[in-house]
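So the structure is just underneath, and the comments pick up after that.
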Number of protein chains: 2
Amino acid sequence: MTDTEKVKRSGRPRAFDPEAGVAAATRLFWEKGYDAVGVAELAQTIGINPPSLYAAYGSKRELFARAVAHYAGTQGRFFARLDADGPAYETLISVLEDAARAGTGDATARGCLVLDGTRNCTDSGARALTAEVRAGLREKAHALIARDRPEVADSAADYFMFVLTAISGSAIDGVPLDRLMQDIALAGQGLGAMLGRG
Amino acid sequence: MTDTEKVKRSGRPRAFDPEAGVAAATRLFWEKGYDAVGVAELAQTIGINPPSLYAAYGSKRELFARAVAHYAGTQGRFFARLDADGPAYETLISVLEDAARAGTGDATARGCLVLDGTRNCTDSGARALTAEVRAGLREKAHALIARDRPEVADSAADYFMFVLTAISGSAIDGVPLDRLMQDIALAGQGLGAMLGRG
DNA sequence: CCTTTTCTGTATCGGTCACTAAAAAAACCT
DNA sequence: AGGTTTTTTTAGTGACCGATACAGAAAAGG
């Protein structure tokens, strides 16, 4: 008995799908970054007026929070593999490669929303949102590494985030996927030396 | 006979030092990024009013260009070592380490102005400015590597910029210098494998 | 002295920012 | 139908954005 059924309520029904609105907002935030996207632009892209946006989502920052969550569940879904119990080195490398693919996937993809979406952002709340997700990613990587090699988990998890940062920033700067794959292979040598590949 | 003497001209003399203004603007652009700094804030920090700023520098973008040049000649001076004729691997690593030091040097240092100062920036002219400097850096690294190992110059120069991107982004995200040094050592293994250390 | 030139501060330009007050519109209820 | 609830649209709020018009002030040349 899944409770996803919509409860019938009084009042004028909403003329748009809030989840579809979040998806559209995610695209916009991803392409331009938090500060560079205006509320008027968000509303127009969703197909509504600003008051409807505020009624549905509360504020630009809360909509961004929804967008980050949506992004994590779609573009960033491959990070869930860090929770699996495969070999650490191979898992980390494959996640880095998927990150490169996601950050260069289509013409409008520009790096990673979580890593670079709030760079130079004036809203500290928005910055804190992405920072929390980044901390969660580091924690996942740390836990994966610590299962087999607890003594290098701190260093390796830091290095994983370091390389992730390079991937997102480079993707934004226009480095194509095949170059990113080369870079990941080179960066992976440091990871392999610490973790032992295989 | 250096021609740095100021030419005496008619008219009311300028009440501030334009070069000192550029230095102050550089700090501001570095700390907050291009878009997040307003003209009013720039003028106030320099100690002038907006009209004086426009009279002296032309526009916010032109002042930013001056700031980038000033930054390259001060914070980024160590990149000149890429032009020296030392061993490629050691030179590249030491430059990366200096970049980490510059990006975490004091409390207000936030990564690299050239690498991250125009992230999520809405002014395409400002973005082009930093991109040109980045391309120049890559070119320097490429030339250094190509002297001894032309067959890997493309890959190694790309990887050098990849690691540089990670350093700046990580510094902004709060990674301390000692962790960055560890990360550089790990990333350097990929560089060493290509270039041969020594 | 007076004119010319350049810089100064004040006060503001039109445009956009995130956000909202108010009322019309579209559904439900009795 | 009449009343209630919620969303819609219209039309704005004050604050800030980059950039300037204007007039007074401070120097030089005559």
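Owing to the predicted nature of the structure, the values given are computational and were not obtained by experimental measurement. Below, chain A is the first sequence line, B the second, and so on; all start at residue 1.
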### Contact under 4.0 Å: B:Arg14 side-chain N or O vs C:dC7 OP1/OP2
yes
### Query
For the hydrophobic clusters of this structure (ILVMFWY residues joined by side-chain heavy atoms under 4.5 Å, transitively), does one cluster hold both B:Met161 and B:Ile93?
yes
### Message
Distance check needed: C:dT5 C1' versus B:Arg12 CZ, whole Å only.
### Response
12 Å
### Query
Which nucleotide in the set D:dA28, C:dA27, D:dT9 lies at the smallest distance from any side-chain heavy atom of A:Ser52?
D:dT9
#### Entry: Atom-to-atom span, CG of B:Leu53 to C1' of C:dG9 - whole angstrom
14 Å
### Salt-bridge criterion met for B:Arg138 and B:Asp158 (N-O under 4.0 Å)
yes
### Message
Counting the atoms with a prime plus P, OP1 and OP2 as sugar-phosphate, which does B:Ala56 contact under 4.0 Å by heavy atoms, base, sugar-phosphate, or nothing?
### Response
nothing
### Check: B:Cys112 main-chain N/O paired with B:Ser168 side-chain donor or acceptor under 3.5 Å
yes
### Task
Answer with yes or no whether the side chains of B:Ser59 and B:Glu62 bring together a donor and an acceptor at under 3.5 Å.
yes
### Query
Between A:Glu151 and A:Arg149, is there a side-chain N and carboxylate O pair less than 4.0 Å apart?
yes
### Query
Between B:Asp98 and B:Arg81, is the closest basic N to carboxylate O distance under 4.0 Å?
yes
### Task
Give the rounded distance in Å between these two atoms: CD1 of B:Ile48 and C1' of D:dA19.
14 Å
#### Entry: Integer-rounded Å distance: C:dT6 C1' and B:Phe16 CZ
12 Å
### Task
Examine D:dT9: is either OP1 or OP2 under 4.0 Å from a nitrogen or oxygen in the side chain of A:Asn49? Give yes or no.
yes
### Value in whole Å for how far the C1' atom of C:dG9 lies from CD1 of B:Ile46
16 Å
### Salt-bridge present (B:Asp116, B:Arg110; N to O < 4.0 Å)
no
### Task
May I ask you to say what B:Tyr57 touches in the nucleic acid, namely base, sugar-phosphate or nothing, with a heavy-atom cut-off under 4.0 Å?
nothing
### Task
Summarise protein proximity over nucleotides 17-22 of chain C in one line of letters, 5' to 3': B for base, S for sugar-phosphate only, - for none, counting protein heavy atoms closer than 4.0 Å.
-SBBB-
### Summary
Here the distance between atom P of D:dG18 and atom CG of B:Leu63, to the nearest Å, is 11 Å
### Task
Please state how far atom CD in B:Gln44 lies from atom P in D:dC16, giving the value in whole angstrom units.
12 Å
